[in-house]
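Just below is one structure, and these are the notes that go with it.
Just so we're on the same page: letters track the sequence lines, and every chain starts at 1.
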Amino acid sequence: MNERQRLANLLRNCSKNLLLDQGMQAHGTVMKMGLGFDLMLSNDLIDMYCKCGRTGMACAVFDRMPERNVVSWTALMCGYLQNGNAKGSLSLFSKMGLSEIKPNEFTFSINLKASGFVGIAENGMQIHNMCTKSGFEWVTVVSNSILDMYTKCGRVSEAARMFNVMPVKNLITWNAMIAGYTLEGNGERALLLFREMQGMGEVPDEYTITSTLKACSGLGAIRQGSQIHSSVITRGFLCSVRTMIAGALVDLYVKCSHLTEAQRIFDQIEQKNLVSWSALILGYAQECNLLQAMDLFRQLRVSIHHQVDGFVLSSLMGVFADFALVEQGKQMHAFTIKIPSGLDISVTNSILDMYLKCGLTDEAEKLFNETPVRNVISWTIMITGYGKHGLGRKSIRLFHQMQSEDIEPDGVTYLAVLSACSHSGLVEECQEYFSRLCHDRRIKRNVEHYACMVDLLGRAGRLKEAKNLIDSMPLKPNVGIWQTLLSACKVHGDLEIGREVGETLLRLDGDNPVNYVMLSNIYAEAGYWKECERLRKLFKMKGLKKEAGRSWVEINKEVHFFYNKDETHPLTEKIHQKLKEMEQRIKSEIGYVHGVRFALHDVEEESKEESLRVHSEKLAIGLALVCGEVEKGHKTIRVFKNLRVCGDCHAFIKGLSKVLKVVFLVRDANRFHKFESGLCSCGDYW
DNA sequence: CTAGGGTTAG
């Protein structure tokens with residue numbers, strides 16, 4: 001064997017086993033032997049560097065080549081793609097189009113995959129076109145890639161068209177189509193196809209099973225899921241508990257709220273991978289079992305086999321954000337700095353989001369300014385965050401700044417800026433951005449965008465216009481947008497429109513407690529007691545329950561949760577005492593009275609005033625006061641609530657902020673309320 | 001140099 005062949009084999013081995021150091025040595029030898037211009041060796045070098053994650057080096061080799069063939073180009077594209085740079089691959093692809101080298105089935109396949117990754121169908125369609133013209137379209141590898149590209153770009157019907165006309169299908173074709181339906185959220189079709197393929201004598205493999213299980217968890221179809229689970233066992237796929245399937249199984253049981261079963265599967269897995277870890281951790285977190293979730297995370301951290309990755313970090317950070325666990329979030333932030341995956345953009349973004357959702361805008365701003373890489377999601381997070389804090393002007397500034405830095409806003413960014421404007425009552429600005437959105441052909445409008453406009457108009461009391469907008473919009477109104485209008489009707493006490501909208505909602509979404517509460521409040525305020533009673537009866541008959549109000553506050557790095565009328569806290573008595581004392585102070589100093597009208601829906605008439613006193617947000621604030629948070633010199637007291645703050649509590653906290661000269665930052669289901677010197681940042685619209 | 005999968009941030 002000659003030296004050239006020996007080096008080629010060596011390089012291929014380095015590529016396969018990710019031996020960068022050895023590969024670099026071999027590179028040295030190639031150069032020393034004067035083989036630097038050899039086409040095959042250079043191609044192997046490109047591949048080796050790409051596989052070892054050094055696209056920069058691969059690119060350097062590529063640039064210095066006197067002549068290149070299709071393999072050289074394709075190897076580099078593949079390298080870009082595998083290192084997460086799909087756009088790099090595509091731009092290389094178009095550069096290659098200018099040379100006389102023609103793409104082959106590999107080139108097409110890779111760049112179709114890259115287009116799917118980027119997610120712009122028009123881009124992928126162009127490549128599809130090229131495949132057709134050059135006769136590669138019906139090479140199975142290529143047609144599979146085309147099909148896959150369409151599903152990734154959200155054009156599942158195009159993919160299905162392809163699927164139906166493909167002359168030769170293999171297992172991968174079926175898998176791609178099943179995965180496509182699953183990704184789209186069409187679990188029924190995925191399961192149908194799963195059955196159909198078996199009818200055709202095709203034998204599912206692990207990939208088929210994972211997709212199908214995912215379809216089941218999306219549907220919450222626990223029965224079908226566990227059927228597949230047992231078929232997996234009989235098929236022998238689970239004898240050594242294949243990690244891939246196991247991960248999907250854990251996810252299935254988590255999504256169907258069968259945590260015990262999820263834990264049981266998890267315990268059986270011999271080689272636990274990060275997917276199953278993070279699925280289970282999220283499962284516990286989502287059912288509010290934070291202790292168990294954190295304990296699992298600790299276990300994961302100490303188990304040497306697992307380097308925590310960006311997925312785990314960002315999803316856990318999402319939990320901290322939702323629960324506003326500032327301390328845990330900060331600790332995790334500190335932890336991310338020490339590990340490589342902490343640099344993942346999704347991790348950084350999740351930290352930004354966490355700080356904003358915890359009310360720490362300064363921390364978020366600092367991190368945002370220091371982060372070298374920011375994508376459209378990072379900007380959108382900031383815009384949303386400022387918006388929720390009532391800092392609409394700041395949101396707008398960022399919206400312009402991102403565009404001057406050549407980051408294109410997408411549909412979600414527009415949503416963020418619209419809702420920021422509406423929260424801050426910036427009517428003209430909001431209309432201006434909405435019309436900009438309407439003229440931008442690249443961005444698809446959805447109902448949420450219109451809901452922002454409805455919110456804006458509703459806030460301004462222009463309820464007729466808001467209703468007209470819904471009636472005339474080109475999209476089918478959903479429950480959410482009607483609820484937005486209804487709550488505006490409630491704020492402005494508009495019985496006429498409110499009644500109409502409310503009854504529409506009960507027809508559309510008759511099992512949702514929120515609709516009953518809102519409408520009956522509107523009736524009650526207008527003095528329509530009969531209607532009110534009718535709704536209450538219906539509500540009871542259907543066995544509906546309002547979501548329990550829950551608030552929490554962090555004191556000395558410890559989180560305290562309260563429900564409405566909660567008396568389980570050891571300091572309950574002192575809390576009540578403190579609240580009474582505060583009410584008196586507010587009454588005597590600034591003439592505060594209970595906003596009793598907000599409690600009309602609470603059933604017991606005689607205890608109206610009493611029940612107002614024990615709303616969870618008041619209890620949480622009471623605890624903060626009892627614990628001397630003010631005396632400790634904290635200028636801001638942060639409280640979080642799962643539902644919206646009620647009107648009485650709102651008035652109470654305003655008074656409190658004036659009497660105590662303290663800022664209260666309250667995050668409710670909708671936004672942040674900053675109470676300062678007797679005023680609220682929301683301008684009393686909530 | 002080759003297509004398909006699972007957990008993830010707005």
Which atom of A/Gly390 lies closest to which atom of A/Ser424, heavy atoms considered: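 A/Gly390 and A/Ser424 have their closest heavy atoms at O-OG, 3.2 Å.
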Side chain of [X] only, heavy atoms from C-beta on: which candidate in [options] is closest?
X: A/Ser315; options: B/dG4, B/dT7, B/dT8; answer: B/dT8
X: A/Asp353; options: B/dA9, B/dT8, B/dA3; answer: B/dA9
X: A/Ile377; options: B/dC1, B/dG10, B/dA3; answer: B/dG10
X: A/Thr413; options: B/dG10, B/dG6, B/dA9; answer: B/dG10
X: A/Val275; options: B/dA9, B/dT7, B/dA3; answer: B/dT7
X: A/Leu171; options: B/dT7, B/dG4, B/dT2; answer: B/dG4
X: A/Asn375; options: B/dC1, B/dT8, B/dA9; answer: B/dA9
X: A/Asp309; options: B/dA9, B/dC1, B/dT7; answer: B/dT7
X: A/Val412; options: B/dG10, B/dT2, B/dG4; answer: B/dG10
X: A/Asp148; options: B/dG10, B/dG4, B/dT8; answer: B/dG4

Is A/Arg301 positioned over the aromatic face of A/Phe335, cation under 6.0 angstrom from the ring centre and no more than 45 degrees off axis?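 Cation-pi check for A/Arg301 and A/Phe335: passes.
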Side-chain contact, heavy-atom cut-off 4.5 Å: A/Asn175 with A/Asp205?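 In contact.
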With heavy-atom distances below 4.5 Å as the criterion, would you say the side chains of A/His128 and A/Met162 are in contact?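 The answer is yes; the side chains approach within 4.5 Å.
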May I ask you to evaluate whether [X] reaches the phosphate of [N], defined as a side-chain N or O under 4.0 Å from OP1 or OP2?
X: A/Lys357; N: B/dG10; result: yes
X: A/Gln286; N: B/dT7; result: no
X: A/Lys214; N: B/dT7; result: yes

Just call it for [X]: base, sugar-phosphate, or nothing, with non-hydrogen atoms closer than 4.0 Å on any strand.
X: A/Asp344; answer: nothing
X: A/Lys152; answer: sugar-phosphate
X: A/Asn170; answer: base
X: A/Ser276; answer: nothing
X: A/Val376; answer: base
X: A/Asn144; answer: base

Spacing of [X] atom [atom1] relative to [N] atom [atom2], expressed in whole Å:
X: A/Leu352; N: B/dA9; atom1: CG; atom2: C1'; result: 9 Å
X: A/Asn83; N: B/dC1; atom1: CG; atom2: C1'; result: 14 Å
X: A/Lys51; N: B/dC1; atom1: NZ; atom2: P; result: 6 Å
X: A/Leu76; N: B/dT2; atom1: CG; atom2: P; result: 13 Å
X: A/Met149; N: B/dG4; atom1: CE; atom2: P; result: 12 Å
X: A/Met77; N: B/dC1; atom1: CE; atom2: P; result: 15 Å
X: A/Met354; N: B/dG10; atom1: CE; atom2: P; result: 13 Å
X: A/Leu343; N: B/dA9; atom1: CG; atom2: P; result: 19 Å

Check whether the side chain of A/Ser278 and the base of B/dT7 form a donor-acceptor pair under 3.5 Å.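 In this structure, the two groups form a donor-acceptor pair.
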Under the ring pair (Phe, Tyr, Trp, His ring centres under 6.0 Å) test, which residues partner A/Phe163, sequence neighbours left out?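 Only A/Trp174 meet the ring pair (Phe, Tyr, Trp, His ring centres under 6.0 Å) criterion with A/Phe163.
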Contacts of type ring pair (Phe, Tyr, Trp, His ring centres under 6.0 Å), residue A/His27, not counting sequence neighbours: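 Per chain and number, A/His27 pairs via ring pair (Phe, Tyr, Trp, His ring centres under 6.0 Å) with A/Tyr49.
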Atom CZ of residue position A/Phe323 - does it have more than 12 heavy atoms of other residues, nucleotides or ligands inside 6.0 Å?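 Atom CZ in A/Phe323 is packed in, count exceeds 12.
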